[in-house]
Amino acid sequence: MSLPKELSYSEEHEWVKVEGEKVRIGITDFAQSELGDIVFVELPEVGDELEADEPFGSVESVKTVSELYAPISGKVVEINEELEDSPEFVNESPYEKAWMVIVEPSDKSEMDELMTAEQYEEMITED
Amino acid sequence: MANQDFPLIFEHSQESRTGFSLPEMDVPEVDLTDMFDESYIRETEADLPEVSELQIMRHYTALSTRNHGVDSGFYPLGSCTMKYNPKVNEDIARLTGFSHIHPYQAEETVQGALELMYDLQTILAEITGMHTVTLQPAAGAHGEWTGLMMIRAFHEANGDFGRTKVIVPDSAHGTNPASATVAGFEAVTVKSDDRGLVDLEDLKRVVGEDTAALMLTNPNTLGLFEEHILEMAEIIHDAGGKLYYDGANLNAILGYARPGDMGFDVVHLNLHKTFTGPHGGGGPGSGPVGVTEEFAAYLPKPVLIKRGEQFGFDYDRPKSIGRVKPYYGNFGINVRAYTYIRTMGAEGLKKVSEYAVLNANYMMRRLEKEYDLPFNQHCKHEFVLSGKSQKKLGVRTLDIAKRLLDFGYHPPTIYFPLNVEEALMVEPTETESKETLDAFVDAMIQISNEAKEDPEIVQEAPHTTVVSRMDETTAARKPVLRYNKDS
């Protein structure tokens, strides 16, 4: 199970990577392995406003559809359009090729609510 | 790709072979372009299979033997009520007075058919505790949408345009939020508590002036009776919202409890589940909707009514949401449901629920020794197990379902409801014998033992079916939706 140390993690299994004034968001290796083969990724549009803890898209696997919950509030400035044709990236490369959106956070203090890799690992191994 | 064991009908094709002979043309030939715009006329010939009548017969007969239905084996698919469909239903539906009539016939020539529909409406209203029932909707989700459109019309008629949200529990059938969305509402989730019932505190938090309705199955998808239903109804009604009953699980409470008495305003039924319409590829559905008196004006038109001794359709319904189905519902299924209800009688229908609940509890208590039971209390007609202990051994619920095929069973519903990890949802129905229930439980116990001792046999199942695991991922990612001769 890969958990890059430099990322922050949400309870809903999203990762967040700070890139200057923006953040990049995707779902964790743990999330993709729980969901199984991803067949479709639904993302918001550039310009949409995300609200922390609210759904902003969904991932569909062979067995279920799961909502994506925004780990942080802000405006979507870029989406990963490649996922439309290549949803398998979510399984193959959850932290690199399968980034989902880039957001301009409206309240950076929300980053403090997220977990470190160690805290996230503790959460997913709890049950 | 050719499948030599099971060719497609196209792969039987031999050029110029035919399975039909048409009579000599004895009417003047007409040029198609005189009748249709050229954009509607195809330029190349349709590449249809060229086969003999016998080839067609063998091909489809062989396909039909590869099917699994209630008539061939146990089918405990949770929330689908795959019960036996009595064959007397078929006899009655084939009576020429029902099968050789046309919806455009004059009403006075089809009084028997209309009377049957009228009686069925009346009986279903009694069973559900509703004022009036429409038989128009073609299936469950269609009934949900019809009901929600009536709720919308009701609120709007009261000048109440701010009710934009429909509340659904996190254990709800996927059709509930989908129907709410299609009907123009926003679906909002209410959480379940640790007993698997709607969390009343969370319900109070999400309800408000924007609530159009709460959609609920009772018993819910976990097979548990929502015992706080009266309190829930009060919470929703006090906020000005309405209660919608999804009848998917009605098989658990026939003759014992009525949605109308629980405070529901709009109810749909699945005649193809509870009332033995053929189901699951065996025929169309039927999803009648019942309403309280305040909703009667909004029912889809035409409404079947009785004028003196005559039955007929009333089109003069200015507040109606309009027609939701050509003609008047899936009549053939409604005949089967009527036949079933009349052959069972009121006491018989109570027995249906009694045995459905007894069978489910019997299986649950035997299976809880081998599988996790997340909500340990008496269930109604179905129960939900979790395969999380087996998952720790590397055997997922999907593998367990596939392994059941080797024993000749249709697997239970899996990975649903969503609020249970590795869910397995079992609904035996009332029509199975104790021997069948025991044999299925024994197979489930054997699979659990295999997971401990020889997990590969489960992980690689099924071993005895015509094909083993399908590549569902490629099928979903890159679906091939039509035959292509050259590929």
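Just so you know, these numbers come straight off a predicted model, no measurement behind them. So that the names make sense, note that chain A is the first sequence line, chain B the second, and so on, each numbered from 1.
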Checklist entry - Would you find more than 12 non-hydrogen atoms of other residues, nucleotides or ligands less than 6.0 Å from A:D53 atom CG? => result no

Checklist entry - Taking C-beta and beyond as the side chain, do B:T473 and A:E88 meet within less than 4.5 Å on heavy atoms? => result no

Checklist entry - Should the pair B:K391-A:E34 be classified as a salt bridge under the 4.0 Å nitrogen-to-oxygen rule? => result yes

Item to check | Whether over 12 other heavy atoms sit under 6.0 Å from B:E209 CD | outcome: no

Checklist entry - By a 4.5 Å heavy-atom criterion (distance strictly below it), what part of B:I414 contacts chain A: side chain, backbone, both, or neither? => result neither

Checklist entry - What do you reckon, is CD of A:E11 surrounded by more than 12 foreign heavy atoms closer than 6.0 Å? => result no

Checklist entry - Taking atom CD of A:E92 as the centre, does the number of heavy atoms from other residues, nucleotides or ligands within less than 6.0 Å exceed 12? => result yes

Next on the checklist: Does A:E54 have more than 12 heavy atoms from other residues, nucleotides or ligands lying within 6.0 Å of its CD?
Outcome noted: yes

Checklist entry - How long is the span from the CG atom in A:D37 to the CD atom in B:E472, to the nearest 0.5 Å? => result 9.5 Å

Next on the checklist: Nearest 0.5 angstrom please: B:T189 OG1 to A:E67 CD, how far?
Outcome noted: 7.0 Å

Checklist entry - Between atom CG of A:D85 and atom CZ of B:R477, what is the distance when rounded to the nearest 0.5 Å? => result 12.5 Å

Next on the checklist: Take a 6.0 Å sphere around CD of B:E456 and say whether it holds more than 12 heavy atoms from other residues, nucleotides or ligands.
Outcome noted: no

Item to check | Heavy-atom contacts under 4.5 Å, residues 94-103 of chain A to chain B | outcome: none

Checklist entry - Counting only heavy atoms not in A:E21, do more than 12 sit closer than 6.0 Å to its CD atom? => result no

